[in-house]
Amino acid sequence: MKAIEIDHNEGRARSGRLLTGHGEVDTPVFMPVGTQGVVKAMSHRQLTELGVKMILANAYHLYLRPGDEMIKRMGGLHKFAGWDGGLLTDSGGYQIFSLGVLREIKEDGVLFQSHIDGSRHFLTPEKMVRVQENIGADVAMCLDECAPYPSTFEYTRDSVELTTRWAKRCLEAKTDGPQKLFGIIQGGFYPELRIRSAHDILALDFDGFAIGGLSVGEPKSLMWDMVDTVIDLMPADKPRYMMGIGLPEDLLEGVKRGIDMFDCIIPTRFARNGSLFTWDGRINIKNARFTEDKGPIDEGCSCPTCRTYSRAYLRHLVVSHELTSFYLNTVHNVHFYMELMRKVRDAVKNGTFGSFYHDFKSRYEGGESDDRCSVCNG
RNA sequence: GGAGAGGUUCCCGAGCGGCCAAAGGGGGCAGACUGUAAAUCUGUUGGCGAAGCCUUCGGUGGUUCGAUCCCACCCCUCUCCA
């Protein structure tokens with residue numbers, strides 16, 4: 001069964017529908033990250049009301065706690081968590097990167113030391129496919145190695161080859177079922193290796209393909225060079241997923257290049273850390289200049305937070321370490337991302353993505369976001 | 001009235017002759033965050049400046065080459081006893 005239907009194209013940009021076991025998801029889509037089976041500070045109901053159709057969870061984290069077998073006995077993560085929407089799980093490949101000191105990469109898999117209790121676990125491609133099947137994700141990801149930046153050519157080459165061998169094993173380990181499995185193109189920041197990885201991974205019969213190993217500390221221009229290097233090699237009739245990206249401007253850049261799916265911790269973590277998105281740029285609600293700002297985070301925003309609360313009050317909640325600030329700020333940032341993607345999809349459908357892209361960027365990057373302050377305080 | 005303890009940079013609190021513009025918290029200010037070990041992390045927090053200089057550890061005197069640190073007196077807190 002196909003994983004995506006593409007309805008419109010504008011240049012490389014495209015819009016359509018991702019077909020999951022839990023409904024169709026309009027693309028390009030942004031998936032908020034819910035590592036532990038929950039988008040931090042959110043309820044599923046709130047997510048749904050904000051228009052979130054698909055979230056990402058993490059197989060490595062859920063395997064450690066509460067355990068994938070336990071989740072399976074509870075009827076799968078959808079039932080266990082009460083989430084009815086799309087669910088994609090990352091395999092733990094990113095944790096190979098982010099939990100570097102606690103692991104050892106071998107041919108067969110990765111030896112991990114739990115960050116929770118120090119216990120040792122050997123994670124293989126086959127095992128992580130099984131874990132994701134137990135979790136019941138609509139889309140599972142292959143176990144891959146996300147190499148750090150910078151890495152030598154030799155290291156990256158070996159890493160790419162390992163990722164390819166693992167990808168084959170993942171495919172073989174997959175059982176029949178509705179779950180879709182995506183392969184991941186790696187290759188660090190060597191175009192030659194990106195092309196080789198694309199060639200090898202795209203030759204395998206995955207339901208969709210991801211570009212991984214990006215935004216690991218490299219200059220932004222290098223990241224887009226890598227996307228440009230492989231994007232035209234990717235089949236048009238399968239989903240293209242840019243893993244772990246990104247900032248609002250990154251989403252536009254990705255869509256422009258033909259990406260269908262994104263995920264990132266940015267809207268949620270930034271919200272918890274006081275960074276809030278507006279159409280005129282990002283603000284840090286902790287800044288002193290918002291102390292008596294009676295306006296909403298963003299004048300044009302229709303989210304529940306902006307409809308009710310002032311910047312001054314939201315700042316007070318953050319400064320006072322009130323838990324509700326996590327919720328209110330996350331609602332706003334997730335809403336911003338959902339609105340952004342909705343506008344992006346509409347623009348692609350209408351053939352106006354090009355102008356939307358420029359209008360957004362000039363306002364978002366050029367606008368002085370606290371113009372409003374003088375009005376509020378004046 | 002008697003006996004103790006103490007007054008340190010925005011706050012709490014170390015320091016007890018030079019390495020002290022003064023540890024460590026807190027608070028303040030700013031920044032970071034890209035398949036979440038993140039309710040996290042980093043920088044900064046007397047003044048002017050490049051080195052450096054100036055003002056600062058309750059007050060006033062003193063000892064000393066040199067005092068936040070030692071001595072004398074004074075002011076103010078707190079505890080206990082009358």
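Each chain gets a letter, A, B and so on, in the order the sequences are listed, and its residues count up from 1.
- By the 6.0 Å and 45° rule, A/Lys343 stacks over the aromatic ring of A/Trp279.
- Residue A/Asn134 is tested with A/Met70, A/Arg73, A/Glu69 for a side-chain contact (heavy atoms from CB on, under 4.5 Å); the sole match is A/Glu69.
- Between B/A39 and B/C33, the distance separating the two C1' atoms is 14 Å to the nearest Å.
- A/Ser275 comes within 4.0 angstrom of a nucleotide base, judged by non-hydrogen atoms across all strands.
- Nucleic acid contact for A/Gly92: none, since no nucleic acid atom lies under 4.0 Å from a heavy atom of the residue.
- Rounded to the nearest 0.5 angstrom, A/Ile245 CD1 and A/Glu253 CD are separated by 11.5 Å.
- Under the Watson-Crick or G-U wobble criterion, with both distances below 3.5 Å, B/C80 is paired with B/G2.
- Across all strands, A/Gln95 comes closer than 4.0 Å only to sugar-phosphate atoms, never to a base (heavy-atom distances).
- A 3.5 Å limit on both hydrogen-bonding distances identifies no Watson-Crick or G-U partner for B/A38.
- In this structure, A/Phe209 atom CZ and B/G35 atom C1' are separated by 18 Å, rounded to whole Å.
- In this model, the phosphate group of B/U36 is approached by a side-chain N or O of A/Thr35 to a distance below 4.0 Å at OP1 or OP2.
- Across the interface with RNA chain B, nearest-nucleotide mapping of A/Met223 and A/Phe326 shows A/Met223 to be the residue nearer the 5′ end.
- Under the Watson-Crick and G-U wobble criteria, each requiring two contacts below 3.5 Å, nucleotide B/U9 is left unpaired.
- Among the atoms of the strands shown, base atoms are found under 4.0 Å from some heavy atom of A/Leu323.
- Across every strand in view, B/U68 sits unpaired, with no contact that passes the Watson-Crick or G-U test at under 3.5 angstrom.
- To the nearest angstrom, C1' of B/G35 lies 11 Å from CD of A/Gln132.
- For B/A37, one of the phosphate oxygens OP1 or OP2 lies less than 4.0 angstrom from a side-chain nitrogen or oxygen of A/Ser98.
- Protein atom NZ of A/Lys40 is 14 Å distant from nucleotide atom C1' of B/C33, rounded to whole Å.
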